[in-house]
Amino acid sequence: QSQELSQARIDYHVALQALQQHGTRMVCTGKMHTDRICRFDYLCYSSEAEEFVFFHSNSSVMLPNLGSRRFQPALLDLSSVEDHNTQYFNFLELPAAALKFMPKPVFVPDVTLILNRFNPDNLMHVFHDDLLPAFFTMRQYSDLDDEARLVFMEGWAEGPHFDLYRLLSSKQPLLKEQLRNFGKLMCFTKSYVGLSKMTTWYQYGFVQPQGPKANILVSGNEIRHFASALMGKMNITRMEEAEKDGGSSEQERDRDNKDEYIAVFSRSTTRLILNEAELIMALAQEFQMRVVTLSLEEQSFPSIIQVISAASMLVSMHGAQLITSMFLPRGATVVELFPFAVNPEQYTPYKTLASLPGMDLHYICWRNSIEQNTVTHPDRPWEQGGIAHLEKEEQQRILASTDVPRHLCCRNPEWLFRIYQDTLVDIPSFLMVLKDGMKSKPALKKTKITSTVHPGRVREAHCQTSVQNPNEAKLTVSWQIPWNLKYLKVREVKYEVWIQEQGENTYMPYILPQQNYTFSENIKPFTTYLVWVRCIFNKNLLGPASRYQFKLW
Ligand code: UDP
């Protein structure tokens, strides 16, 4: 590997001189450690000290220059999980002059993205915490291209999903333990440290019980863009896309329907569906479709994604494998099963994903509510839900409880006990939930881009006033359509108008189909009115509000 790097496209002596003269340079985005990504020239890493090193010289740059606030609590989060105290990044400082007494640095010529994977053993975490954030961090900085080098500093081994990380760039990612192979001191010519959190939608419950993030900033479009890019790298072509290109007619669609199938995800070690065969038969019969089974243990990841990418429905126990629902075609249904005493409302990473606007997935959950149909594993190790290590009383309480109370991550024994149960799925109740859930499945509109285009502001508002008598007046407001409307085919255009007497706290809202309106209710002469007008496309696409002020004389 050190050979690979020594074919440097950089002149060693030039690099060394630059480092000695200019030291390290850092410029970052973000006001807080939680939204910060830093770009460095000549950030170094001492494998001996297991620390990053910032070399100060007369021309080094450190922005933000936080002084010792850099340690409160850290410069930035190295993983996409917000403010997790095992995921902080910082560097040691040294004067560049110290380089004279240090081992000769090895320079890394590649533009490098340095990050922590959060939990590379778990497929959900791999996608949500690492792959999506790294993918979009790389889109954010154009020199993080296909030739970029990724460095994973969390200290874990490759893990079972390393092939997925390899898809992010053409260069082999480096692990922390491999850095020592490059010598005692390595310096990254150009590097970025940290991950964008823009695409994450779920928080795992470190500070408050798990749930969707408070301010989700990603839509299904970005998730699908990422999924398609990854499929491209895996040489999978989506059936759906091929169909579109052929411009399938109504009849062709009917024919295609005959090829529709349901995918059932099977787990083979924990959280089992005990009557999988029966479940499969019931699904096949109910929907008159083929049912195929998927298993992370038995099939390659690309072959699983190939199947999922054209499935009409994905059925699975709650668990990390459900992250693959991002590869389902638009209009597909996700059916998530929950073991006994586990409330689906409280564990919604996959529901949240399926429900992202533009994801166009239909989500249904089923919960085992029959205690006889659950198989518990009290004697397993605690991390697989065993409770034998607990006090007898606590064991009794857990066994008697039919609902896991809200809890924090990650070691709540009652939660682990219940989530690692195996389940005999009660077919009648399952089919009922499914049939019921399918009733509310919206028809997939042939996705029109225009359905996400927001109105511009309304323009050129005018006002005509007429004072009837000292107590009565009228106010006629008219406006022009938003500029972008003339280029769009919009099903329904409405205007929302608020009118407020200046100085008052309350306002009157109106929803109007036309571009003018005469207000006469509660309109007083010799008063100033504030009027807000905004355009609404198709009931829910709101435009910006324009504010106007009119005075009645
Ligand atoms: N896993 C699997 N089969 C099993 C149990 C787990 O493929 O029978 C995978 C699972 O998809 C995840 C990892 O092993 O990627 C860890 O599973 P765990 O049950 O710890 O996490 P969860 O699925 O609850 O997120």
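This is a predicted model, so every value here is computed, not measured. Every number for a ligand or one of its atoms is a count from 1 in the order of the listing.
The aromatic rings of Tyr204 and Phe206 sit perpendicular, their planes meeting at an angle over 60°, well past the 30° parallel limit. Between Phe226 and Phe136, the ring-plane angle classifies as tilted under the 30° and 60° cut-offs.
Protein residues lining ligand 1, listed by chain and number: Asp121, Asn122, Leu123, Arg267, Ser268, Thr269, Thr270, Arg271, Leu296, Glu297, Gly319, Ala320, Gln321, Tyr420 [non-hydrogen atoms, distance under 4.0 Å].
Taking 4.0 Å as the cut-off between side-chain N and carboxylate O, Arg224 and Asp360 do not count as a salt-bridged pair. With respect to the salt-bridge test (charged N to carboxylate O, under 4.0 angstrom), the residues Asp110 and Lys171 qualify.
With sequence neighbours excluded, the residues satisfying salt bridge (charged side-chain N to carboxylate O under 4.0 Å, His left out) with Glu50 are Lys176, Arg180.
The closest donor-acceptor contact from the side chain of Gln395 to the backbone of Ala388 lies under 3.5 Å.
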